[in-house]
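For reference, the structure discussed in these notes is given below.
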Amino acid sequence: MCGLERAMHVQFRRALAMCYVRRVIKDDHPESLLEVRGLTKSFGAVRALRGVDLDVRPGEVHCVLGQNGAGKSTLIKTLSGAHQPDAGEIRWKGEVVTLADPVAALELGIATMYQELDVVGGLTIAENIFLGHEHATAGVLNRRETNRLTRELMKRLGHPDLSPSREVGGLSPANQQIVSMARALSHDISLMIMDEPSAVLDSEEVDNLFRVVGELTKEGIAVIYISHRLEEIDRIGDRISVLKDGSSRASNLDVKKTPTRKLISLMTGTDIDHMFPPRATLPADAPVVLEVEGLSLRGKFSDVNLTVRAGEVVGLAGLVGSGRSEILETIYGHRKATSGTVRVGDTTLRAGSVMSSVAANMGLSPEERKSQGLLLEEPIYRNATLSAFTRFAKGWLLDERAERRATKTQMTALELRPAEPDRITRTLSGGNQQKVMLARWLIHGTEVLLLDEPTRGVDVGARMEIYRLIRELAAAGTALLIVSSEIEEVLGLSDRVLVVADGRVLVERNSTDIDEHGVLDLVMKGSAA
């Protein structure tokens, strides 16, 4: 299948998914399935919910939006029975209910898929799905029936290839999420709560997710859908409620009648004229800091040539699988180039050597920051000083007080909240985890910074903060090379853009001379060439 055919195939799949997703909520069941009124919840002196209202109808996708810290997670945990509200009322099918624990919620028909995957490694797919409600006869597990039901669920979810006997720990995050969804569907449910379900999925897996959601709503099952990706809301949602600072900012907005601009304003509390900060004028004599010549990686990309000057932001635009991330990783030395050279200033880097890159003051914030960049169980200061250990060494020991001071300085500069160097990194929001990655390279003293998907899994407010930080880094003289799946983001941040398709750089343009449609047109033509 040629590149153009692949592109058309993807578009067809998305159009097909839209047939499942786009529905009109009929008036056959106008009554509410779930009603929440005046819900409040405090943790010590912190008020997480300050009177939240929510109304969910059978067979609809109700999207709940808000920045990190808006109260979405607390609301979810309250509706799932994990937290008990301090005040307010929850009505289920018209009756006031108390959700004492997650089992009580499940018994009513409320299932929750959390953003952090909750599968149990070491158990099979079938064992995970029916954990806690196993099919047994006289105390003996009925594996045949369990496996049969598991195969039916996998088929329903579009993954008949996943065997019931496969061990879950060896699955990809996307497939582990399928198992989590199957576990929810193994119960008799009327409401599915999905927290950032697309965060670990590629575009085709997102299409499959939307197909499944469409089938659930056809059966009358309601879905509460939480996502940072506003472009998904228009594809999948029916109505929207917005939270801000633990309160309901807006309720029951019609997706078709509510522009993205209004949603951003409701979430952030400010009118948004421009998502991206203005570009500074690049001095004509700004030196080239990063120079890549004839860089190739067999089977991934070939003959890449690019330069980045001090204070310049250069973007790589293209579709998933075009080779963008592989180019960044090879420049950094995470992958060993087949041929070509990378220079930082006057230093030619050793191919396949991350140490050589770091020594030349180059840093990388990887696409999967949780698995590739951060030590999630370590405190923030350990992550922030990871690339500069020698600076804090005193003989065989580390000066932890100095590490904390340096980290606190960057936390203040980056507005990383809460500003607690000893806080465990896993507990931070996606936006603050990304700021920890930036703090690492600022402490190191980076001259060239490579950013792969810098705003993945980040809410709109934190995203704007990261855009501002990128522009401030450029204004301070840092050379930045950026990859993003969102073409609008690449164009909005970059001074120059290289369009990549099938492992080749097709063209180079000033970002003001090309728009998103122009990039896609080049990608389609380049892929088919």
Just so I know, are the side chains of [X] and [Y] near enough to count as touching, which here means a heavy-atom distance under 4.5 Å?
{"X": "Ile178", "Y": "Met154", "answer": "yes"}
{"X": "Arg440", "Y": "Thr385", "answer": "no"}
{"X": "Thr348", "Y": "Val342", "answer": "no"}
{"X": "Arg423", "Y": "Pro379", "answer": "no"}
{"X": "Asp303", "Y": "Leu295", "answer": "no"}
{"X": "Leu185", "Y": "Leu216", "answer": "yes"}
{"X": "Arg151", "Y": "Pro160", "answer": "no"}
{"X": "Ile424", "Y": "Leu376", "answer": "no"}

Return the [atom1] to [atom2] distance between [X] and [Y], rounded to the nearest 0.5 Å.
{"X": "Arg504", "Y": "Ser322", "atom1": "CZ", "atom2": "OG", "result": "11.0 Å"}
{"X": "Thr409", "Y": "Ile443", "atom1": "OG1", "atom2": "CD1", "result": "8.0 Å"}
{"X": "Glu127", "Y": "Leu131", "atom1": "CD", "atom2": "CG", "result": "8.5 Å"}
{"X": "Ile193", "Y": "Lys72", "atom1": "CD1", "atom2": "NZ", "result": "14.0 Å"}
{"X": "Thr407", "Y": "Leu442", "atom1": "OG1", "atom2": "CG", "result": "11.5 Å"}
{"X": "Asn147", "Y": "Ser163", "atom1": "CG", "atom2": "OG", "result": "7.5 Å"}

Side-chain donor or acceptor of [X] paired with backbone N/O of [Y] under 3.5 Å:
{"X": "Gln433", "Y": "Arg369", "value": "no"}
{"X": "Trp441", "Y": "Leu364", "value": "yes"}
{"X": "Thr478", "Y": "Glu447", "value": "no"}
{"X": "Glu508", "Y": "Leu498", "value": "no"}
{"X": "Asn305", "Y": "Gly294", "value": "yes"}
{"X": "Arg309", "Y": "Pro283", "value": "yes"}
{"X": "Ser357", "Y": "Tyr332", "value": "yes"}
{"X": "Thr347", "Y": "Ala360", "value": "no"}
{"X": "Ser296", "Y": "Ser302", "value": "no"}
{"X": "Asn432", "Y": "Leu416", "value": "no"}

Thr455 vs Gln434, side chain to side chain donor-acceptor pair (under 3.5 Å): CA-CA, chis, key distance, verdict: CA-CA 8 Å; Thr455 61; Gln434 187 63 271; over 6 Å; no
Ionic contact status for [Y] with [X], cut-off 4.0 Å:
{"X": "Glu215", "Y": "Arg211", "result": "yes"}
{"X": "Arg404", "Y": "Asp422", "result": "yes"}
{"X": "Arg456", "Y": "Glu486", "result": "no"}
{"X": "Lys435", "Y": "Glu415", "result": "no"}
{"X": "Glu420", "Y": "Lys408", "result": "no"}
{"X": "Asp207", "Y": "Arg235", "result": "yes"}

With side chain to side chain donor-acceptor pair (under 3.5 Å) as the test, pick out the partner of Glu329 among Lys300, Arg335, Arg324.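 The passing option is Arg335.
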Given side chain to side chain donor-acceptor pair (under 3.5 Å), test Arg279 with Ser511 step by step and report yes or no. CA-CA 11 Å; Arg279 296 179 176 87; Ser511 60; 3.0 Å; yes
More than 12 heavy atoms of other residues, nucleotides or ligands under 6.0 Å from CD of Glu232: is that the case?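 More than 12 within 6.0 Å, yes.
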Around Arg143, counting heavy atoms of other residues, nucleotides and ligands shown, do more than 12 lie under 6.0 Å from its CZ?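 At most 12 heavy atoms, drawn from other residues, nucleotides or ligands, come within 6.0 Å of this atom.
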Thr425 and Glu378 side chains, donor-acceptor separation under 3.5 Å: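 There is no such pair between these side chains.
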Going by atom types only, do Tyr114 and Glu196 share a side-chain donor-acceptor pair under 3.5 Å?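 Note: Tyr114 and Glu196 side chains miss the donor-acceptor criterion.
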Shortest non-hydrogen contact from Glu312 to Val314?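 Closest approach of Glu312 to Val314: CD-CG2, 3.8 Å.
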Partner of [X] under side chain to side chain contact (heavy atoms under 4.5 Å, CB included), chosen from [options]:
{"X": "Arg468", "options": "Glu472, Arg471, Met464", "answer": "Glu472"}
{"X": "Leu450", "options": "Leu316, Ile327, Ile331, Ile482", "answer": "Ile331"}
{"X": "Arg496", "options": "Asp513, Thr307, Thr512", "answer": "Thr307"}

With side chain to side chain contact (heavy atoms under 4.5 Å, CB included) as the test, would you mind laying out the steps for Leu480 and Val448 before giving the verdict? CA-CA 6 Å; Leu480 294 109; Val448 179; over 6 Å; no
For the pair Tyr225 and Met192, evaluate side chain to side chain contact (heavy atoms under 4.5 Å, CB included) and give the outcome as yes or no after the intermediate values. CA-CA 8 Å; Tyr225 191 90; Met192 172 86 84; over 6 Å; no
Between Val168 and Thr124, does a side chain to side chain contact (heavy atoms under 4.5 Å, CB included) hold up when you go through it step by step? CA-CA 5 Å; Val168 167; Thr124 67; 5.9 Å; no
Evaluation steps, side chain to side chain contact (heavy atoms under 4.5 Å, CB included), between Leu162 and Asn175: CA-CA 8 Å; Leu162 291 179; Asn175 283 339; 3.9 Å; yes
